[in-house]
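Data block below; observations after.
A note on names: the letters A, B, ... follow the listed sequences, proteins ahead of strands, and every chain is numbered from 1. Everything numeric here is computed off the predicted structure, so don't read it as measured data.
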Amino acid sequence: MSEPYYITTAISYPNGRPHIGHAYEAIAADAIARFHRMLGRDVRFQTGTDEHGLKMAQTARDRGITPKELSDEMSSYFKMMCDSLDISYDRFIRTTDPDHKVSVQALWRKMVDKGDIYLGRYEGWYSVRDEAFYDEKELTTGEGGARLSPQGTPVEWTVEESWFFRLSAYQDRLLELYRNHPEFIQPEGRRNEVIRFVEGGLSDLSASRTSFDWGIPVPDSPGHVMYVWVDALTNYLTGAGYPDLDGALGKYWPADVHVIGKDIVRFHAVYWPAFLMSADVPLPKQVFGHGFLLHKGEKMSKSVGNVVDPIELSAVFGVDQLRYFLLREVSFGQDGSYSEDAIVTRCNADLANNLGNLAQRSLSMIAKNCDGKVPVPGDATEAETSLLSGIAAAEQAVRQHMTGGQLAIHSALQVIWEQMSLTNQYFAEQQPWAVRKIDPARADMILYYTAEAIRQLAILARWVMPSSCDKLLDLLAQKPDARDFAALSTRLEAGKDLPAPVPIFPRLELASDAKGN
RNA sequence: GGGCCUGUAGCUCAACGGUUAGAGCAGGCCGCUCAUAACGGCUUGGUUGGGGGUUCGAGUCCCUCCGGGCCUACCA
């Protein structure tokens with residue numbers, strides 16, 4: 001069996017509908033997962049929802065339904081988003097899944113056995129109305145000097161019993177991990193921040209709550225439910241069959257990469273490895289903190305009203321168009337900016353004009369002049385040789401960008417699209433439409449090599465735009481099992497019947513009411 | 001308060017301390033007609049945020065100022 005590859009996204013907290021940021025993370029992780037599948041790896045890709053906690057319980061109460069009913073509904077929106085964006089998850093995990101409870105409680109017991117869990121007190125300013133603790137500096141002073149929460153509700157100093165995790169004991173081992181495995185936290189900037197944070201000293205972590213009950217119960221401790229991060233992070237292990245890592249799914253652990261947003265790097269790069277060290281579970285190989293998507297350079301927020309529904313966007317511009325745009329336009333790891341305007345510009349230039357039109361013009365020439373069959377290649381000249389060797393070199397560059405620990409998705413795409421431009425150049429220089437009049441065999445040959453280049457380019461881009469590239473490969477009569485990187489070296493078969501060509505990437509237009517958005 | 005990152009052509013970004021700072025998109029001109037008014041060629045455009053310094057040589061290193069962003073911290 002081929003080498004396992006386990007990749008996860010963060011699980012989303014479904015107290016609202018999914019937004020473009022959720023879509024971005026899912027798309028990026030999906031592309032990486034598909035890339036490794038095309039490389040022949042045995043890929044396991046997991047995403048899902050994190051459903052416990054106070055907020056969900058409150059919202060459910062407000063709506064007069066049970067937390068489970070609420071999370072069933074909300075989780076389904078996230079699953080629907082994944083399905084409509086062609087996210088090829090192997091499991092959509094929910095923290096309310098029965099096996100997750102088993103997994104979390106097993107991990108907890110291991111940490112208890114290690115002596116890393118102890119009973120203590122969690123103290124702070126607590127608002128009964130908000131059911132939340134607030135930091136001193138968040139408070140405001142109301143009438144008569146009363147302390148108020150940011151929501152204006154009264155707070156009182158509250159002492160709550162809580163189980164604590166002995167995080168402080170892991171400072172040295174964590175620093176050693178970061179030192180010995182620079183690739184553990186990526187990108188580089190995030191790594192530096194985490195190191196400085198840990199160097200500054202670690203406090204023990206409150207690991208249970210008694211103020212609400214919508215969560216996974218702490219074993220043998222009535223009234224206590226698991227703190228959110230113990231619960232949520234463990235989903236990655238649950239997906240590998242924990243506590244039975246010798247089972248069918250155990251081969252996927254340790255995970256190759258957790259793809260997450262930069263805001264939760266600390267939980268994944270500090271708490272998570274500490275929990276695992278405590279429980280004697282091998283550590284994941286990498287935590288990759290991607291950047292945020294900004295709308296025209298500004299943060300998205302409900303109050304500004306620039307929160308965009310990814311499903312709507314993909315319905316307007318196309319799923320693969322959205323996928324391509326996000327992965328090509330944003331430097332993976334950096335923050336990125338998007339706008340409908342930018343999507344249209346980028347997709348028209350790269351997809352409709354460069355790739356789509358190239359395919360359409362060459363394939364329709366084959367349809368008209370070659371009886372709809374793959375023409376005979378003949379003996380390649382310098383032009384054809386360098387065309388294909390350029391693409392072969394690009395494939396190597398793409399592999400390096402995607403497997404070098406950097407996950408430079410945008411660079412990989414850039415390299416592929418350079419080859420598309422070169423193929424357009426080849427086609428224009430060779431002028432098969434003119435050559436046909438004086439040397440039909442040579443014209444056939446030009447069309448053959450152009451089609452072959454398109455076949456290879458479609459394979460190279462397929463992990464980013466699965467359905468469009470599959471359509472393109474359909475037009476080249478390629479079988480489903482001839483679409484991975486291994487198939488790059490098997491040339492088009494002359495004489496094979498091709499279906500009538502159809503345009504794959506239509507030109508996009510900005511909806512008039514969306515101009516400038 | 002401490003620390004990190006960043007500011008390069010209208011836009012998005014490249015440039016091991018080394019020849020006249022590059023590319024894509026956008027703009028302009030020309031060509032072509034096979035194609036989704038697409039493609040190809042040529043081209044306009046930057047005192048690399050300001051100032052100072054190190055160096056034979058600085059976008060690249062150092063200092064400082066200005067403008068963004070982020071992490072972190074119990075100064076009222």
Between B:rC39, B:rC32, B:rC25, which nucleotide has the shortest distance from any of its atoms to the side chain of A:W433? B:rC32
With salt bridge (Lys or Arg N to Asp or Glu O under 4.0 Å) as the rule and sequence neighbours excluded, what pairs involving residues 364-383 of chain A come up? A:K373-A:D497
Expressed as a whole number of Å, how far does the C1' atom of B:rG45 sit from that of B:rU8? 13 Å
C1' atoms of B:rG57 and B:rG68, separation to the nearest Å: 31 Å
On RNA chain B, does the nearest nucleotide to A:A428 precede the nearest nucleotide to A:D350 from the 5' side, or the other way round? Give the residue. A:D350
Compute the ring centroids of A:F35 and A:F485, then answer whether they are less than 6.0 Å apart. yes
Atom-to-atom span, CZ of A:R190 to C1' of B:rC70 - whole angstrom: 6 Å
Whole-angstrom distance between B:rG28 and B:rU48, as gauged at atom P: 27 Å
Atom-pair distance (CG on A:D335; P on B:rC70), nearest Å: 8 Å
Between A:R483 and A:D474, does any NZ, NE, NH1 or NH2 come within less than 4.0 Å of an OD or OE carboxylate oxygen? yes
In whole angstrom, what separates A:F332's CZ from B:rC13's P? 16 Å
Hey, which of A:F505, A:F317, A:W417 is the one that makes ring pair (Phe, Tyr, Trp, His ring centres under 6.0 Å) with A:Y324? A:W417
Roughly how far apart, to the nearest Å, are B:rC74 and B:rC11 at atom P? 40 Å
Looking only at side-chain N and O atoms, does A:K262 come under 4.0 Å of OP1 or OP2 in B:rG69? no
Taking for each residue the nucleotide of RNA chain B with the nearest heavy atom, is it A:D263 or A:R361 whose nucleotide lies nearer the 5' end? A:R361
Given side chain to side chain contact (heavy atoms under 4.5 Å, CB included), test A:I409 with A:R328 step by step and report yes or no. CA-CA 7 Å; A:I409 302 174; A:R328 174 64 186 85; over 6 Å; no
At under 4.0 Å between heavy atoms, what does A:R346 touch on the DNA or RNA strands: base, sugar-phosphate, or nothing? nothing
Separation of the C1' atoms in B:rG49 and B:rU60, to the nearest angstrom: 16 Å
When the ring planes of A:W229 and A:H268 are compared, do they come out parallel, tilted or perpendicular, using 30° and 60° as the limits? perpendicular
Output one letter per nucleotide in nucleotides 2-8 of chain B: B when a protein non-hydrogen atom lies under 4.0 Å from the base, S when only the sugar-phosphate is that close, - when neither is. -S-----
Give the dot-bracket line for RNA chain B from 5' end to 3' end: parentheses for intra-strand Watson-Crick or G-U pairs under 3.5 Å, square brackets for crossings, | for inter-strand pairing, dots for unpaired. (((((((..((((....[...)))).(((((.......))))).....(((((..]....))))))))))))....
C1' gap between B:rA15 and B:rC75, integer Å: 44 Å
Can you check side chain to side chain contact (heavy atoms under 4.5 Å, CB included) on A:V319 and A:S84, steps first, answer last? CA-CA 8 Å; A:V319 170; A:S84 71; 5.8 Å; no
Rounded off to whole Å, could you give me the CG-to-P distance for the A:L351 and B:rC39 pair? 12 Å
Looking at every heavy atom in both A:G333 and A:F288, which two are closest together, and how far apart are they? CA-CE2, 3.8 Å
Tell me what A:L363 touches on the nucleic acid: a base, only sugar-phosphate, or nothing, going by heavy atoms under 4.0 Å. nothing
Donor-acceptor pair under 3.5 Å, A:N357 side chain vs B:rA35 base: yes
Using whole Å, report how far CH2 of A:W417 lies from P of B:rA14. 20 Å
Rounded distance (Å) that lies between atom P of B:rA35 and atom CG of A:N353: 16 Å
B:rC30 versus B:rU44 - spacing of their C1' atoms, nearest Å: 15 Å
When you measure from the side-chain N and O atoms of A:R507 to the phosphate of B:rA38, is any distance below 4.0 Å, counting only OP1 and OP2? yes
When you measure from the side chain of A:A352, which nucleotide among B:rU36, B:rC25, B:rC34 comes out closest? B:rU36
If you check every side-chain atom of A:T345, which of B:rC39, B:rA35, B:rC25 has the closest atom? B:rC25
Write down the distance between CD1 (A:I416) and P (B:rG24), rounded to a whole number of angstrom. 18 Å
So that I can tick it off, tell me whether A:E188 and A:R191 are bridged by a salt bridge, with the cut-off set at under 4.0 angstrom between side-chain N and carboxylate O. yes
Output the rounded distance in Å from CG (A:L508) to C1' (B:rA37). 16 Å
List the steps, then state whether side chain to side chain contact (heavy atoms under 4.5 Å, CB included) holds for A:L202 with A:F197. CA-CA 8 Å; A:L202 295 173; A:F197 174 76; 3.8 Å; yes
Interatomic distance at C1', B:rA21 relative to B:rC34, whole Å: 39 Å
For the residue pair A:Y449 and A:A380, what are the closest heavy atoms and their distance? OH-CB, 3.5 Å
Base, sugar-phosphate alone, or nothing: which one does A:Q425 contact when heavy atoms must sit under 4.0 Å apart? sugar-phosphate
